[in-house]
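Everything on this sheet refers to the single structure shown next.
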Amino acid sequence: TPTIAVVVAASPTPAPSETPAVIAPVAVPVSSETIPTFREAVIGRVQRLNPLFTDLNPVDQDITSLIYEGLSRINEHGEAVPGLAERWLISSDGLEYVVILRDDVLWQDGIAFNASDVIYTFSLLQSPDFPGNSELSGFWRTVEIQQLDPQIVRFRLTQPLGRFLDLLSIGLLPEHALRGTGAAQLASHPFNLSPIGTGPYQLEALRTSDGSAITAVDLRAAPVYRQRPEGQAGYQMDRFSFRLYDSFESALAALQSGDVDGLAARNRSERAALLNTMNIDIHTAIAPELGVLIFNWASESTAFFRELRVRQGLQLGLERSGIINRQLQQNAVLANSPLLPDSWAYAPDLFWPQPDLAAARNLLQTANLRRVGPGTPQPPTPEGGLLFSFSILTVDDPALVGIANEIAAQWSQLNISVTVEAVDRMTYQGRLDRGEFGAALVELSLAGSADPDVYQFWDADQYPDGVNFGGVDDRRVGESLERARRDANGINRVIRYRDFQETFIERAVAIPLYYGLYTYATSPQFQDIQLGFISTPSSRFAGIQYWAEKSG
């Protein structure tokens, strides 16, 4: 069957009063010329190659990460460093960011990048008619943005936010190509299938086998990017082709047959399948996922979790390493912090107390179980001389149930009764949201942002309407998090987050168990593929500049 390419040409920009129509692809034959090409398998469908909509579709996010750039970019340590910005200045109160733009950047159609592109992009996000992520739009409506010069933009916040530079990594749109297009029109604009960015690769063709559904997206190295200092070395992959599949099984078959050169796992079962595949290279990094056992501080039936000695006793009474090795094998590594170990904020020398059953029993037996707070009576002691009892809620997944059962077995040696409740995912999420659990095994997603701000999980203000599911209410933890997230000074934030991590462990706020692993499989004919900090699946392309085909 001959391969057909769909070439999408940029259409004239509509007048403000016009409603743009979705562009009709035109089929043309593809050249058979041999060009250095990396073929990436992705699962799903292309919707909009527009950076403002990528959180709605992982396939779009993968592709647009090579086409567009933001004012900042995320380096291998999860730090926000200048991208399209040359540098920035931050006011002493952390409310004002003055961003000086680079003057050597061209859009892929040859037009110079400047402040009007920044103002236009963020004006779309600020619009009440923006058809994308409402939370993202809601945040940007709180930010005052002003063009001071053709190459200078000022952002003014309503309150300090240490991760603001991370938020500036969102891809920018070309104002000249979309002039007159409002936010409401953006979702259906032809630009979404004929993108123009400033990144290292630009759209060459959209392919289809039947004239309708897109089956591949071909990118080529952008000549204007090659002119920039960072584009003059490397980038041996002149072409990058995304091949679309309906399922992981069909994508894996394509990898095994040599039809594609790369495939990323999205979960543990897919990781296992890749690890069992012959004749491929496996690349592994820490996934933005923390498996943690949380306590229900808010429920009166488990009010004993508010007592420090109870939590510390349970922490000392648990040997975690063996559990993770047995139950998750090659799918996770032991976690000793609520922050990701690849992050710039992670403290590698944190002290984690070694398991000690005798010390654990002593802490539990001397804990104040009769009254754990002002006016808060402790529930009656269970029968049989047990100190107290509770259950561990978990999703009915074999590995997670195994972890919960091993934890319950270890803690049952401490004169307490611990049972396990394994339920389907929908029931689990409902009970978690309503606080109907004693303890719970939770996999917290730290994806979407490279910043270490975990305020939403552990600050008292995030209960009950946020994702502080257990109602954690610890003043020292909350103060450390709030200071860290409000400070724009990187050195100060390192100190704040170290204090947070030490306090989290010392006060046994919850028990970190494991970090998930991210797996990317590639053909052995390519080399120098390395994974750095993974904040989103598209982070696997951060080092694409160095990828190369093996000679011979």
Side-chain angles (χ1 to χ4, degrees), residues 74-79 166 264-272 274-275 282-294 315 318-353 355 392 394-395 397-404 406-407 439-458 467 469-470 481 494 497-498 500-502 504-505 508-521 530-540 542:
I74 306 303
N75 69 10
E76 64 273 19
H77 304 296
E79 297 172 293
D166 182 88
R266 298 170 299 172
N267 51 50
R268 283 195 293 271
S269 64
E270 292 181 359
R271 171 176 165 79
L274 290 180
L275 293 178
I282 295 293
H283 312 277
T284 300
I286 299 296
E289 172 190 270
L290 173 68
V292 57
L293 189 90
I294 65 173
Q315 182 185 64
L318 185 61
E319 194 287 307
R320 302 167 301 137
S321 180
I323 296 176
I324 303 309
N325 289 337
R326 285 187 293 272
Q327 299 297 333
L328 291 176
Q329 298 178 359
Q330 298 179 335
N331 285 303
V333 294
L334 184 67
N336 284 329
S337 167
L339 302 186
L340 293 174
D342 290 341
S343 170
W344 56 266
Y346 178 78
D349 56 346
L350 292 170
F351 171 75
W352 186 272
I392 300 174
T394 180
V395 172
D397 172 279
L400 301 184
V401 173
I403 291 173
E406 287 208 43
I407 292 174
L441 184 54
V442 182
E443 291 187 330
L444 299 179
S445 173
L446 306 180
S449 171
D451 195 86
D453 183 6
V454 289
Y455 171 88
Q456 60 178 334
F457 300 120
W458 309 116
V467 287
F469 299 114
L481 282 175
V494 169
Y497 278 120
R498 180 180 183 88
F500 160 66
Q501 292 169 88
E502 289 177 340
F504 192 96
I505 296 171
V509 171
I511 300 183
L513 297 172
Y514 60 87
Y515 302 112
L517 293 179
Y518 179 83
T519 300
Y520 183 43
Q530 298 182 0
L531 301 180
F533 185 89
I534 300 292
S535 58
T536 64
S538 62
S539 300
R540 66 187 184 275

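Both backbone and side-chain heavy atoms feed into the values below; hydrogens, waters and symmetry mates do not. Since this is a predicted model, take the numbers as computed values, not measurements.
The side chain to side chain contact (heavy atoms under 4.5 Å, CB included) search around A264 returns Y518, Y520, R540, not counting sequence neighbours. In this structure, F457 has no ring pair (Phe, Tyr, Trp, His ring centres under 6.0 Å) partners at least two apart in sequence or on a different chain. S269 pairs by the side chain to side chain donor-acceptor pair (under 3.5 Å) definition with N267, not counting sequence neighbours. Partners of R271 under the salt bridge (charged side-chain N to carboxylate O under 4.0 Å, His left out) rule, at least two apart in sequence or in another chain, do not exist in this structure. Applying the salt bridge (charged side-chain N to carboxylate O under 4.0 Å, His left out) test to D453 and every residue at least two apart in sequence or in another chain returns R163, R485. For E443, the salt bridge (charged side-chain N to carboxylate O under 4.0 Å, His left out) partners at least two apart in sequence or on another chain are R268. A510 meets the side chain to side chain contact (heavy atoms under 4.5 Å, CB included) test with V292, I294, W458, F504; sequence neighbours excluded. With sequence neighbours excluded, the residues forming a side chain to side chain contact (heavy atoms under 4.5 Å, CB included) with Q456 are Q462, V467, listed by chain and number. With sequence neighbours left out, Q315 forms a side chain to side chain donor-acceptor pair (under 3.5 Å) with no residue at all. Under the side chain to side chain donor-acceptor pair (under 3.5 Å) criterion, N75 pairs with E79, sequence neighbours left out. Residues passing the salt bridge (charged side-chain N to carboxylate O under 4.0 Å, His left out) test with E502 are R498, sequence neighbours excluded.
The two residues A285 and I534 come nearest to each other via the heavy atoms CB-CG1, 3.8 Å. Between P338 and P512 the shortest heavy-atom distance is N-CG, 4.3 Å. For I282 against A521, the heavy-atom pair with the smallest separation is CD1-CB, 4.0 Å.
Of the inter-residue distances, the one linking L400 atom CG with L513 atom CG reads 10.0 Å to the nearest 0.5 angstrom. We find the OG-CD1 distance between S539 and I74 to be 8.5 Å, quoted to the nearest 0.5 Å. Taking CG of L517 as the reference point, atom OG1 of T284 lies at 6.5 Å (rounded to 0.5 Å). For the atom pair CD1 of I323 and CG of L334, the computed distance is 10.0 Å after rounding to the nearest 0.5 Å.
Formation of a donor-acceptor pair under 3.5 Å by the Y515 side chain with backbone atoms of L339 is found in this model.
No side-chain heavy atom of I511 sits under 4.5 Å from any side-chain heavy atom of I407. Within the 4.5 Å cutoff, side-chain heavy atoms of P288 are placed close to those of L340. Residues I505 and F351 are not in side-chain contact: their nearest non-hydrogen atoms beyond the backbone lie 4.5 Å or more apart.
Within a 6.0 Å radius of CD in E319, other residues, nucleotides and ligands contribute more than 12 heavy atoms.
Applying the side-chain hydrogen bond (donor to acceptor under 3.5 Å, both in side chains) test to pairs two or more places apart or on separate chains, those with a residue in residues 333-347 are R320-N336, S337-Q501.
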* Asked: side-chain contact (heavy atoms from CB on, under 4.5 Å) between L318 and L293: does it pass, once the steps are laid out?
  -> CA-CA 11 Å; L318 185 61; L293 189 90; 5.7 Å; no
